[in-house]
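Okay, structure first, notes after.
Sequential numbering from 1 along the given sequence is applied to the chain's residues.
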Amino acid sequence: MQSKPADIKAMALFLTVAFVAAGALGAIQPATGIPAEIIQLTQFGPALGVGLAALLWPSRVRQLLAGSGPGRAGRGALLLVTAPLVIALSVGAYAALTGDARFTRPEAPFALIAVAQLIGACGEEIGWRCFLQPLLRTRFGPLATSVAVGVVWGSWHVQIFGRHPLYAAAFLTMAVSMSVVLGWALEEEGAGRLPLAGGFHALINLGLLLFMDEESGAVLPMALFGASCLAAAGLWTWRSAGRTRRAPARAEAAAWARAHAPAEAGTDARAHAPARTSPIMDDAR
């Protein structure tokens, strides 16, 4: 499906505002006195982009934010379980390699940080997973869409490019991998996308803050975290892509069973069913 001109304009506006507003908010944060470990104001750049797009294309933005289906409770639960598993794998690998659990005690109360991180994560995810993801999904498949959003999302963290190239590469790997996990988990999800995406994102941020010392720019912990996220993305892709491939086969089998089921009145339903070629011969027609 080709994107409508309005969709292209909305996406361009969103991305412009998300990047520019994030830079402006980051510049004024020191003047506010709000510690970065509690919340980073840059996280609200994507939300501002969605807000401005909603002023110009209100019905389209409402449609995108509403989602495309009822979702699956199992996927949401598995998504939220994936985050602590990724953190545990990263921490375990780092401890095995260095003998150090690398726990960083925050200066602010943990409850305050956790709530603020959730709010900030939702400020990002309303843009990345609730607006940009479904907008691109109208044109591309789930995996390609998730990778594209992940690249944009990772690049939006422009400060990483001022650090060691290996750190930047590991961070981008983490961002793309997390985007793939979120994309599969939220496929056909409705209005519940924001709390699920925000919750997963906040848990990952807390793991980076408490165990990976993200702000230090150290390469090894970020590399291990990126590798753990990549493993999670691989498992989600294997599980979800396999299910997607099996869905047409299940639908075909169900249709065949209905066509060959006995009629209620005792007559042979096959006499009334349309002629059906073998699935093997479908491509020859």
Side-chain angles (χ1 to χ4, degrees), residues 1-32 34 36 39-68 116-163 167-169 171-180 182-183 186 189 191 193-194 197-198 200-202 204-205 214:
M1 178 184 296
Q2 296 295 321
S3 297
K4 299 178 181 178
D7 283 356
I8 297 175
K9 292 178 182 178
M11 181 171 60
L13 176 65
F14 162 74
L15 291 175
T16 301
V17 174
F19 276 81
V20 173
L25 290 170
I28 68 173
Q29 176 146 359
T32 67
I34 301 174
I39 194 170
Q40 296 185 11
L41 297 182
T42 56
Q43 292 180 284
F44 296 102
L48 291 175
V50 173
L52 188 54
L55 292 177
L56 299 177
W57 301 280
S59 60
R60 181 56 172 150
V61 173
R62 281 197 302 270
Q63 181 185 32
L64 292 170
L65 296 181
S68 59
Q117 287 291 332
L118 178 60
I119 294 172
C122 288
E124 284 192 50
E125 291 303 333
I126 194 172
W128 305 128
R129 247 58 62 174
C130 298
F131 179 82
L132 185 59
Q133 178 90 15
L135 193 60
L136 289 177
R137 185 66 179 86
T138 61
R139 186 168 184 175
F140 303 107
L143 183 58
T145 298
S146 298
V147 170
V149 173
V151 170
V152 174
W153 179 35
S155 302
W156 176 79
H157 295 82
V158 293
Q159 71 276 9
I160 68 169
F161 298 108
R163 296 184 173 173
Y167 179 96
F171 188 96
L172 287 174
T173 299
M174 177 195 71
V176 173
S177 299
M178 286 172 55
S179 185
V180 169
L182 284 162
L186 302 178
E189 184 67 50
R193 282 177 301 162
L194 183 56
F200 176 82
H201 190 154
I204 291 293
N205 282 354
E214 178 191 7

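- Of the possible polar contacts, none joining the E124 side chain to the P46 backbone as a donor-acceptor pair under 3.5 Å is found.
- The minimum heavy-atom distance linking W156 with A22 is given by the pair NE1-CB, 3.5 Å.
- Among L186, L132, T145, the single residue meeting the side chain to side chain contact (heavy atoms under 4.5 Å, CB included) criterion with R137 is T145.
- From L194, atom CG reaches atom CD of E189 across 11.0 Å, with rounding to the nearest 0.5 Å.
- Residues forming a salt bridge (charged side-chain N to carboxylate O under 4.0 Å, His left out) with E125 (at least two apart in sequence, or on another chain): R129.
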Distance-only check: which donor-acceptor pairs under 3.5 Å involve side-chain atoms of residues 12-20, not counting sequence neighbours?
{"unit_1": "T16", "atom_1": "OG1", "unit_2": "A12", "atom_2": "O", "d": "2.8"}

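- Atoms NZ and CZ, from K9 and R60 in turn, are 14.5 Å apart once rounded to the nearest 0.5 Å.
- Nearest approach of A175 to G154, heavy atoms of both residues: CB-CA, 3.7 Å.
- For the atom pair CG of L52 and CH2 of W57, the computed distance is 8.0 Å after rounding to the nearest 0.5 Å.
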Please report the C-alpha distance between L64 and V50 in whole Å, then the side-chain angles of each, then the deciding distance to 0.1 Å, and finally whether the side chain to side chain contact (heavy atoms under 4.5 Å, CB included) criterion is met. CA-CA 10 Å; L64 292 170; V50 173; over 6 Å; no
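- Taken to the nearest 0.5 Å, the CD1 atom of I39 stands 8.5 Å off from the CD atom of Q29.
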Just do the side chain to side chain contact (heavy atoms under 4.5 Å, CB included) check on N205 and Q43 with the steps written out, would you? CA-CA 12 Å; N205 282 354; Q43 292 180 284; 3.7 Å; yes
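- Looking at heavy atoms from C-beta onward, V151 lies in side-chain contact with V176 at the 4.5 angstrom threshold.
- Legend: residues meeting side-chain hydrogen bond (donor to acceptor under 3.5 Å, both in side chains) with Q133, ordered by chain and number and at least two apart, are S146.
- Here the shortest heavy-atom pairing between G198 and A121 reads O-CB, 3.4 Å.
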Starting from the C-alpha separation in whole Å, work towards a yes-or-no answer on side chain to side chain contact (heavy atoms under 4.5 Å, CB included) for V147 and V180. CA-CA 6 Å; V147 170; V180 169; 4.0 Å; yes
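- A distance of 6.0 Å separates CG in L182 from CH2 in W153, rounded to the nearest 0.5 Å.
- Atoms OG1 and CD, from T42 and Q159 in turn, are 7.0 Å apart once rounded to the nearest 0.5 Å.
- In terms of modelled atom types and a separation under 3.5 Å, the side chain of S177 and the main chain of M174 share no donor-acceptor contact.
- The residue from V61, I126, L136 that alone fulfils the side chain to side chain contact (heavy atoms under 4.5 Å, CB included) condition with F131 is V61.
- No side-chain heavy atom of V149 sits less than 4.5 Å from a side-chain heavy atom of V152.
- In terms of heavy-atom proximity, Y167 sits nearest to R163 at OH-NH1, 3.0 Å.
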